[in-house]
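The chains referred to below are lettered A, B, ... by the order of the sequence lines, with proteins before strands, and numbering in each begins at 1. Model, not experiment: these values are computed from the prediction.
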Amino acid sequence: MPEPTHTLEVTPSLPIPGFLTGEVQSKMAYVDEAILAARVAPSGELIKLTLTQEANPSRQAEIAAKVQRVVTSLVEGAMQPKIQVLEDELHRPVPYQVDPHPELLARGEISQEAQGIFSLGPLVTRLIDYFEKRFLELAAYFDAAPYRFPTLIPARYLERVNYFRAFPHSLTFATHLREDLDAIDHFAQHAACDEHGLNITLDSFSPIQTLLSPAVCYHLYFALADQPLPGEQVVATAVSNCFRYESTNLVSLERLWNFTMREVIFVGSKEFVLDNRETARLRMRQVFEEIGLAYRVESATDPFFIGEFRKQSVFQSAFQLKFEIRARLPFKDSTLAVGSYNYHQNFFGRHLNISLPDGTPAHTGCVAFGLERMAYAFLAQYGLDPQIWPAAMQEALR
Amino acid sequence: MNTDENQNLTNQIQALLIESLRVPPDQITPELAFGDLPQWDSMGHMEVMMALEAQFGVEINADTIAALISIPAIVAYIQENGHA
């Protein structure tokens, strides 16, 4: 990673309202490869960029112009979303106040393979197994059918549900060498890694037909596509690797490029999906109380890219489509989304032609839990010594 | 509002949707609702909301966005709150 040698300060063309400073700051990672870090002043009147290398005036102007495009796109005509809090246990007392990341690294409980990519040791793995057990209990309550989904997802699938327009910045592409003896032989003889990565030109690779999957439930919707829904409703559960590239926003186990998500998925009528989403929330409330998690459940929006952010986020908020479980991170007086309760209306039913017995498009929803984040938030609240963990967890992990 | 005025407002809303959603006039029926056309999706809905704000002075907030999901609902709301 190059040392930062220069900073660039940009005065936004529009003042950034407080409810958007975090969003603008996180989007700065995608503005220019020269940006190593970004900070939006709390006043919203200044953006300070740390660059990977010194930039001449014309290069600075180029970067500043791109920053302004992001600001204008996110801020112009923005409406403050109404935050609805469904559960507030954020100030439940917890015994730990320190970032567990350094100690996890020092103990060998996690090891970093690359930015956003970690291996997990026995303690974190057992903790995740425990949470998985609780999530599977939730799935069993709904008699959810178990599924296993692939890590890869066809590009045409994501195109069909508008994913390329909504989240282009976080896509991870999968390809392979072209079926060409010369290309394969050249690769075998010359492939090597330098500080920029693999030194092979793109023309050695086949056109991209697949990506690493960004979500679990999409696979179920595609399995149900273009046919009437079998029966009136489906409840399924699966755990899968998910991939969302977050550039310089990738931090510890908080924000991984490759993470694992357990989902319980509902397909059926609007009432069926919404009722089950609510039932799932109430059942998980008991689980979080049992494990002593300090958290809040509040309305949220997905991290849409700039082209769709303003409209989609307001829409999501107005229809209360997404509620996040935000666990407290005491060491930085902040919260981390460890799961979410989602309702997609009949978006997938319409786009994928999944129909109910009356011929109308099916509604879908899911409850999703980020397993690494769940473990990390718990460790941030209770530390690495199981002796001070809640009794229910000590018992289960014994 | 009498029947003629009501029909006139419905026609205005239908014209607004034709423009906002960029769809042929014959696809906009008087009872059309969110989700009935591929174009009236989440992005299309927000286009409709912004057009209503510009044309009728309707305040767009979470409540109106969630409530104005059909032509009859929009017509009823404009009758009560709009400034044609």
Side-chain angles (χ1 to χ4, degrees), chain A residues 19 73-74 76-84 160-167 269-270 273-274 298-302 304-323 342-356 359-364, chain B residues 13-24 26-83:
Chain A
F19 70 90
S73 177
L74 295 182
E76 196 171 56
M79 281 189 275
Q80 181 165 10
K82 191 167 71 178
I83 302 295
Q84 187 182 1
R160 199 170 164 188
V161 293
N162 200 33
Y163 203 91
F164 295 155
R165 289 178 62 85
F167 306 104
S269 68
K270 176 182 179 179
V273 173
L274 285 175
E298 65 182 27
S299 56
T301 58
D302 283 314
F304 298 100
F305 198 55
I306 56 171
E308 299 215 343
F309 174 83
R310 187 158 40 95
K311 291 174 188 164
Q312 293 281 28
S313 60
V314 170
F315 182 88
Q316 263 194 333
S317 174
F319 284 91
Q320 300 179 1
L321 301 183
K322 185 181 194 71
F323 290 93
N342 306 289
Y343 170 48
H344 314 121
Q345 300 176 309
N346 60 7
F347 175 86
F348 290 103
R350 283 187 287 115
H351 282 258
L352 301 181
N353 190 26
I354 308 167
S355 54
L356 295 172
T360 60
H363 290 243
T364 63
Chain B
I13 299 301
Q14 288 185 260
L16 180 145
L17 264 76
I18 291 164
E19 179 101 354
S20 305
L21 302 177
R22 298 182 188 89
V23 292
D26 62 354
Q27 293 193 14
I28 304 291
T29 59
E31 301 296 319
L32 193 74
F34 170 78
D36 285 351
L37 295 175
Q39 293 89 342
W40 198 350
D41 59 5
S42 53
M43 293 291 277
H45 188 62
M46 295 309 297
E47 292 290 342
V48 171
M49 294 297 108
M50 288 189 292
L52 287 171
E53 184 177 42
Q55 191 167 331
F56 294 98
V58 171
E59 185 191 347
I60 299 304
N61 55 38
D63 293 334
T64 48
I65 291 168
L68 304 185
I69 53 172
S70 69
I71 289 180
I74 294 170
V75 169
Y77 188 84
I78 299 293
Q79 283 174 349
E80 288 288 317
N81 303 281
H83 311 286

**Request:** Quick one: pull up CZ in A/Phe319 and CZ in B/Phe34 and give me the separation to the nearest 0.5 Å.
**Result:** 5.5 Å
Hey, can you dump all donor-acceptor pairs under 3.5 Å between chain B and chain A, distances included?
residue : atom : partner  : partner atom : Å
B/Ser42 : OG   : A/Gln312 : OE1          : 2.7
B/Ser42 : OG   : A/Gln312 : NE2          : 3.3
B/Glu47 : OE2  : A/Lys311 : NZ           : 2.2

**Residue B/Ile60 versus chain A: region with a heavy atom under 4.5 Å** = both
**Request:** Name the region of B/Met50, side chain, backbone, both or neither, that has any atom closer than 4.5 Å to a heavy atom of chain A.
**Result:** side chain
**Request:** Go through the steps for B/Ile65 and A/Met79 under the test side chain to side chain contact (heavy atoms under 4.5 Å, CB included), then give the verdict.
**Result:** CA-CA 12 Å; B/Ile65 291 168; A/Met79 281 189 275; 3.9 Å; yes
**Asked** What are the two closest heavy atoms between B/Ala66 and A/Ala318, and how far apart are they?
**Response** CB-O, 3.6 Å
